[in-house]
Structures are given as structure tokens and as C-alpha cells.
Amino acid sequence: MTKPAPILFPKDFLWGCATSAYQIEGSPLADGAGPSVWHRFSHTPGRVQDGDTADVTCDHYRRWESDVDLMHSLGLNSYRFSIAWGRVLPEGTGRINAAGLDFYERLVDRLLSRGIQPMVTLFHWDLPAALDDRGGWLNRDIAQWFAEYADVMFRRLDDRVNYWTTLNEPWVVADGGYMHGVLAPGHRNIFEAPRAAHHLMMAHGAAVQAYRATGRNKIGLVVNIEPKYAASQSDADCAATRRAEAYMNRQYLEPALLGSYPEELHEVFGEAWPQWPAADLRLIKQPLDYIGVNYYTRAVVRSDPTSWPLKATTVKQKQHTHMETGWEVYPQGLVDTLLWIKDQYGNPPVYITENGACFFDPPQVEGPVLEDPLRVDYLRKHITAVHTAMQRGADIRGYFAWSLFDNFEWAFGFSKRFGIVHMNYETLKRTLKSSAHFYSKVIASNGAAL
Ligand SMILES: OC[C@@H]1[C@@H](O)[C@H](O)[C@@H](O)c2[nH]c(CCc3ccccc3)c[n+]21
């Protein structure tokens with residue numbers, strides 16, 4: 001029996017970790033920064049578990065230098081983070097806050113000095129509250145507001161940032177923030193959700209268009225993809241699965257890549273689905289350099305007429321491990337997702353811009369390393385899945401583990417830990433978990449240590 005050949009990734013493969021501004025920085029109003037909708041939302045009683053806010057969280061705003069050194073010690077060759085729009089433009093448009101721009105410029109310079117490539121997300125859910133007061137994602141003007149902000153960032157950092165992302169997961173903003181009301185800004189309105197979704201994508205298009213005027217590097221869109229599997233071959237379950245796939249996985253990819261919306265959305269939204277002008281879709285469909293895919297889990301879907309608005313619900317797969325969010329651990333879903341994108345959308349360059357898991361880490365035996373075997377197993381199986389898809393022809397260019405640190409997990413507050421580095425929220429001490437050591441070895445061996 002010959003030993004299987006070692007898994008090896010391309011020499012220029014990006015190995016990183018991902019974070020976002022509101023989740024790790026703290027000091028949301030420091031040095032002239034304007035509040036975001038998430039600052040408002042987390043300070044609204046009842047919105048976030050245990051009343052948690054990100055006023056301090058990982059205190060990265062003040063500890064960023066040693067945090068970059070920690071990334072370097074892990075051997076990361078890239079790091080995905082987001083810019084807090086309100087630090088740079090406190091009112092969202094117009095006046096620039098120099099201290100905010102300077103923070104991100106210093107962060108980028110330190111990353112580069114440590115041989116770490118920044119991948120910069122312009123919007124990771126923390127919309128300036130001042131823009132929400134003007135309608136936020138419900139106001140068509142936001143496409144221009146976003147392009148203005150993006151242009152400020154491009155002009156300051158495009159000489160050093162090689163990878164830009166316009167939006168992180170527009171689906172989550174539209175679904176969580178406007179359809180179900182469980183994320184900022186907390187609206188629950190089926191007429192608002194498709195409009196917010198559309199304006200998010202128009203903003204994406206306007207920012208990419210602005211980038212092409214001066215930009216010299218790469219820009220893309222990050223979407224969350226959760227592959228949908230029919231619970232049975234019944235017509236009802238297959239139709240429900242198609243609706244779920246259109247609503248989460250195609251509603252954003254297809255206007256961006258194809259310039260059209262899936263037909264199923266008319267059925268999902270009914271009278272709430274607007275007839276969009278063709279010019280809007282032309283703005284959204286800007287040529288992209290890559291697609292970022294955030295993958296965590298899959299969904300097995302059955303028809304459920306009582307479920308709003310999809311008339312579909314997921315079927316728990318009790319035979320598999322689940323995370324503390326209730327998400328099934330299913331690495332095959334990542335292979336299926338990457339091959340689906342390859343086959344359906346012309347094999348665009350893809351980065352896995354987020355992949356990770358939150359498990360209740362076992363009671364910690366005292367010692368320098370915190371053991372998190374379930375997360376090690378999750379990362380091993382999902383990075384192997386990436387390699388499998390690449391061997392079958394998918395054009396994957398990098399992998400970012402979510403997340404570098406335990407951090408503020410939105411409406412879950414600090415109750416969910418996704419980090420490969422443990423965060424003590426009282427002392428702010430960073431402690432490597434065994435998954436950090438594992439990931440570090442995978443990077444150093446370019447995959448052979450899997
Ligand atoms: O939940 C873990 C991470 C978040 O901390 C990131 O900010 C966000 O980009 C992100 N996206 C997803 C998958 C999409 C999703 C988010 C929330 C709820 C359901 C699905 C998981 N995560």
C-alpha cells in the first residue's frame with residue numbers, strides 16, 4: 001500500500017486569518033470616529049445576548065502592533081480585516097477623520113513590514129449610524145456614498161493593498177438586518193429586504209467602477225455560500241431547495257457575475273419583489289478579479305408551508321457533529337460549493353475568505369496551550385476539502401481561517417468562540433489554542449502537515 005502523496009498547495013497560495021473591525025477593535029468612538037449601526041444596536045437593550053457590546057472586545061485598536069507580531073509568529077502570509085467606515089468618514093460622507101485613516105495606514109504598513117499581505121474589506125456590516133439616519137441601505141443614494149468612501153480608501157492605500165473587497169456577505173445584512181430583524185439595523189420587513197439587498201449590490205458595483213478609474217490591483221466581492229441539499233426527491237422538497245439556494249447563494253452572486261436575478265426570487269418575495277431598471281443591473285455587473293467565499297456549513301432543506309418567507313426549513317442531521325451555533329460540520333459541502341462555482345460561473349478565481357467553527361472548548365487544563373481538538377479536526381477536514389476541489393479544477397487562490405481571535409460574535413455577543421487564539425476578555429490576554437499551532441504547521445509545510 002503506497003503512502004498517499006502529501007497534500008501541497010501552490011507556492012503563492014495565500015494563508016491567512018480573517019477578522020472584522022467592529023468585532024475586534026473596541027474604542028468605537030475614539031479619535032473622532034462616528035458611531036456605527038452596530039454600536040447603536042449593541043447598546044439597545046435586548047438586541048445582543050447578555051447585553052454584550054464591542055466597546056472593548058479584543059481592544060485591537062490599541063493592541064494592533066503586538067497583534068500583527070502574533071500573526072507573524074503564526075507564519076500567516078496574509079490577513080483579512082475590515083475598515084470601520086465611520087472611523088474614516090464619521091458622518092459616512094464628506095469630512096474625513098485623519099486619525100481614522102492613519103490607524104489603517106499604520107496597520108497596513110506594519111503588516112507589509114512583516115511580510116503579511118493585507119486583504120481589506122470596505123464594509124463588514126458596521127454602517128455609519130449617520131447614514132442609517134438618512135435611510136441607509138434603503139436609500140438608493142448609498143451607492144454613491146459607498147463609492148465616495150471606497151475612493152478615499154483606494155487613493156490612500158492602493159499603493160500598498162493588493163486585495164480589496166467591497167462587501168462582506170450582503171445576504172446577512174439584507175436577511176438579518178432587514179428581513180428578520182435579528183442584526184443591525186433590526187428591521188423586519190419583506191418589502192425592505194430586497195431593496196436593501198439591491199442597493200447593497202449597487203453600492204458594490206459603484207465602488208468597483210470607482211476602483212477601475214485609479215486602481216491597479218485586485219477587487220472582489222465576498223459572499224456566504226451554504227449549499228442546499230433536498231431532504232427528499234419530492235417535487236415540494238426540490239422546489240423548496242431551489243428557493244433556498246436562490247435566496248441565499250444566487251441572489252448576490254448572479255447579479256454580480258451575470259447581471260441578472262434568479263427567477264425564484266419573484267416566488268420568494270411575491271408582490272414585494274420590485275422590477276429593477278436594467279441600468280441598475282449593468283452597474284452591479286462590474287468585472288471582478290475574484291470571488292471571496294465564506295463557508296461554514298450546509299443545509300438539508302424540506303418544504304414547509306408554515307415557514308416565512310421561503311416556505312422551506314432545514315432538517316437537522318443528527319448523525320453529524322454540530323457547532324455551538326447549531327451549524328452542521330460538513331466538509332463535503334465545501335467541495336460541492338467550490339465545484340458548483342467553478343461549473344456554474346466559469347471557474348472564477350476564488351479565495352476562501354472565511355472558514356471556521358465555534359465549539360465549547362473543553363475545560364482547560366492549565367498550561368500555555370488551550371486544547372481545541374474539534375476545531376483542529378474541522379480545519380484539517382475543510383482545508384483538505386479545498387485541496388480536493390483544486391485537484392478537480394477549481395481555481396482557489398487562498399484560505400482565511402475565521403477567526404484569528406475569539407471576538408464579538410454579533411447578536412451572540414461573546415458567547416461563541418471562533419478563534420484559533422483564545423481571548424480572555426477580562427485581561428485581554430491572547431493564548432494560542434492547539435488549532436493555532438496546527439494551522440501554523442499547515443502553513444509552514446504548505447499543506448503537507450494536514
Ligand atoms: O459567525 C461567524 C462569522 C462572523 O463572525 C463573521 O463576521 C461573518 O462574516 C460570518 N458569516 C458567517 C456565515 C454566514 C452567516 C452569518 C450569520 C448567520 C448565519 C450565517 C459566519 N460568520
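Residue indices begin at 1 and follow the sequence shown. Please read these numbers as outputs of a predicted model, since none were measured by experiment. Numbering of ligands and ligand atoms starts at 1, following listing order. Side chains are part of it too, since the values below use all heavy atoms of this structure and drop only hydrogens, waters and symmetry mates.
- Pocket lining of ligand 1, defined as residues with a non-hydrogen atom under 4.0 Å away: Gln23, His124, Trp125, Asn168, Glu169, Val172, Asn224, Asn294, Tyr296, Trp327, Glu354, Trp402, Glu409, Trp410, Phe418.
- The distance from the CZ atom of Phe359 to the NZ atom of Lys416 is 13.0 Å, given to the nearest 0.5 Å.
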Tyr22 vs Thr57, side chain to side chain donor-acceptor pair (under 3.5 Å): CA-CA, chis, key distance, verdict: CA-CA 9 Å; Tyr22 188 71; Thr57 183; over 6 Å; no
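- Using modelled atom types, one finds no donor on one side chain facing an acceptor on the other under 3.5 Å when comparing Trp164 with Asp289.
- Distance alone, capped at 3.5 Å, places no donor-acceptor pair between the Thr165 side chain and the Gly220 backbone.
- Annotation: Arg106, atom CZ; neighbour count of heavy atoms from other residues, nucleotides and ligands within 6.0 Å is above 12.
- Contact annotation: the side chain of Trp15 never approaches that of Leu74 to less than 4.5 Å [non-hydrogen atoms, C-beta and beyond].
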